[in-house]
Colleague: 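Before anything else, here's the structure in question.
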Protein chains: 2
Amino acid sequence: MNQQMGLRERKKERTRETIAETAIRLFLDKGFDRVSVTEVAERAEVSRRTLFAYFPTKEDLVLHRFADHESEAARIVRARPEGQPPLDALRQALLTALAERDPNTGLNDSPETIAFFGLITSTESLAARLTRYVARGIDALADAFREAGADPLDARLLAAQVIMVERELAEINHAHLVDGQSADDRYPEAVRAAGRAYDLLRDGAGSLA
Amino acid sequence: MNQQMGLRERKKERTRETIAETAIRLFLDKGFDRVSVTEVAERAEVSRRTLFAYFPTKEDLVLHRFADHESEAARIVRARPEGQPPLDALRQALLTALAERDPNTGLNDSPETIAFFGLITSTESLAARLTRYVARGIDALADAFREAGADPLDARLLAAQVIMVERELAEINHAHLVDGQSADDRYPEAVRAAGRAYDLLRDGAGSLA
DNA sequence: TGCAAGTCTGCACCGAGTATACACAGGGGT
DNA sequence: ACCCCTGTGTATACTCGGTGCAGACTTGCA
């Protein structure tokens, strides 16, 4: 029974992947607003109705991946080594992600990644819906901070700051790559900016502002 | 001619106000998703098409007010007294707004204000579109920080943090009022939280996290 | 083989938003 | 007085995202 259920699940998963891939390919090719859901369904060889059974909205065809990563920051905090401050763990994780050219850092210069990133930032409805996942990421991170012993108010404020700062850093990196800079060229400055950002979080803006 | 133009402008403005007020009243009464644009147009006695000439989207019927306030923070920084650090000016402005029970602080307990605030946070499409104005507010504030002499990277990071922190504070206040607390009861704690938030921005999370 | 549950589909429908073509008013120049 | 021009509102019909419904098909299971 387990195997049979497994087969079904796998088939559903394959259908799901096919739909999402077809959609993203079309969106990258013609632009999100210039492709109708009907066209996606036709190309993916499912009915419109079925497509909506897998993805509740058109935007989710693109953004479903982010649903999985929304609590990544919280996970990092929870998995940190004994005795390490949460902010240090997050800083370290960001530096690692930069070194690995993690797409979420905006520092991956493969054409598809750049295009995908650009698709989201340049499509208003996608950017808007993305913030929903961002908000959940903030909530999750605030929970993790609280578990780590932070005051509830501090936890929320700091979580919001961390998440927003990481987004800004990613956007800045992406902007440079769009400008033609290679990820390797940008890397040192990206590392510096990330360090500066976490210094600000730890030490504050102080007299500077 | 000036008078006639003036009259015309005023008439347009009144029409605009009528539409927006009618819409908000209906939304507060039945919920955003349970009122169609057609119904709003009928009640406001204009055609659907005319309504869309005044407000590009249904969401803007509610959010148009925020478009004006999106650069409020930037304005505060630019208008600060000679020699005052930008963060101090923002802190001071927030404390003043709290004392005045400015609706944007989430600390206004008039039933309409609470309902209006709740309408936005509980309606996904409204919350999503609101972030568009928030993003523009961040950009504007970053500009102001740069004019005040901040490094461009610092300006962006700090602007994002300030705007998000003020939003979080407002949400927390609103949540307490929804719970039944009066604005006056909540006020001391709101002041404390605001102070703590700006302390964090100035001094950082430090060893705490 | 036949039953039951889950999945897929077609169809009709709703609501948001747009294109087009038109009505109507007032103002300005001849 | 005439016409035109511009700005504002209107009716109609359309596209597209998303949902409800009822039937058909697959798949697992007895």
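Protein chains get the first letters and strands the later ones, always in sequence-line order, with residue 1 at the start of each.
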Colleague: Could you tell me how far apart A/L51 (CG) and C/dC11 (P) are, to the nearest whole angstrom?
Modeller: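 Checked: the CG to P distance equals 18 Å.
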
Colleague: Fit a plane to each ring of B/H64 and B/F55, take the angle between them on a 0 to 90° scale, and name the class: parallel (under 30°), tilted (30 to 60°) or perpendicular (over 60°).
Modeller: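 Judged by the thresholds at 30° and 60°, the geometry between B/H64 and B/F55 is perpendicular.
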
Colleague: Only one of B/R132, B/R16, B/R129 forms a salt bridge (charged side-chain N to carboxylate O under 4.0 Å, His left out) with B/D60, so which one is it?
Modeller: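 Exactly one option meets the salt bridge (charged side-chain N to carboxylate O under 4.0 Å, His left out) with B/D60, and it is B/R129.
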
Colleague: A/K11 has an atom NZ; how far is it from atom C1' of D/dT26, in whole Å?
Modeller: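 So the NZ-C1' distance, A/K11 to D/dT26, works out to 9 Å.
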
Colleague: Centre-to-centre under 6.0 Å for A/F27 and A/F32, is that the case here?
Modeller: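 For A/F27 and A/F32, the ring centres are under 6.0 Å apart.
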
Colleague: Check whether any side-chain N or O of A/Y54 sits under 4.0 Å from OP1 or OP2 of C/dT7, and answer yes or no.
Modeller: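 Answer no for this pair, as no side-chain N or O of A/Y54 is under 4.0 Å from OP1 or OP2.
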
Colleague: Within the sub-3.5 Å range, which N or O atoms of nucleotides 15-18 of chain D have a protein N or O partner, and how far apart are they?
Modeller:
unit_1, atom_1, unit_2, atom_2, d
D/dG17, OP1, A/K58, NZ, 2.8
D/dG17, OP2, A/V37, N, 2.9
D/dG18, OP2, A/K58, N, 2.7
D/dG18, N7, A/R48, NH2, 2.5
D/dG18, O6, A/R48, NH2, 2.9

Colleague: Looking at every non-hydrogen atom in both residues, tell me the closest pair between B/R101 and B/N108 and how far apart they are.
Modeller: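 Scanning both residues completely, I find the closest heavy atoms to be O-ND2, 3.0 Å.
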
Colleague: Whole angstrom is fine here: how far is it from CZ in A/R49 over to C1' in D/dA24?
Modeller: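 Taking CZ of A/R49 and C1' of D/dA24, I get 16 Å after rounding.
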
Colleague: Ignoring hydrogens and angles, tell me if any N or O in the side chain of A/T131 forms a donor-acceptor pair with the backbone of A/V134 under 3.5 Å.
Modeller: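 Checked: no pair found.
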
Colleague: Return the value, rounded to whole Å, for the distance between atom CD1 of A/I19 and atom C1' of C/dC8.
Modeller: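 Those two atoms, CD1 and C1', are 11 Å apart.
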
Colleague: Starting at CZ of A/R16 and ending at P of C/dC8, how long is that distance when rounded to a whole Å?
Modeller: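 In whole Å, C/dC8 P lies 12 Å from A/R16 CZ.
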
Colleague: Just how far is it from atom OH of A/Y198 to atom CG of A/L87, taken to the nearest 0.5 Å?
Modeller: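 Here the rounded value is 7.0 Å.
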
Colleague: Measure CZ/B/R34 against P/C/dC14 and give the value in whole Å, please.
Modeller: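 The distance from CZ of B/R34 to P of C/dC14 comes to 16 Å, rounded to the nearest Å.
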
Colleague: What does A/F55 touch in the nucleic acid at a heavy-atom separation under 4.0 angstrom: a base, only the sugar-phosphate, or nothing?
Modeller: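 Here A/F55 touches no strand at all.
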
Colleague: Starting at NZ of A/K12 and ending at P of C/dA5, how long is that distance when rounded to a whole Å?
Modeller: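 Atom-to-atom, A/K12 to C/dA5, this comes out as 17 Å.
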
Colleague: Looking at A/S47, I'd like to know whether one of its side-chain N or O atoms comes within less than 4.0 Å of OP1 or OP2 on C/dT9.
Modeller: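 Answer yes for this pair, as a side-chain N or O of A/S47 is under 4.0 Å from OP1 or OP2.
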
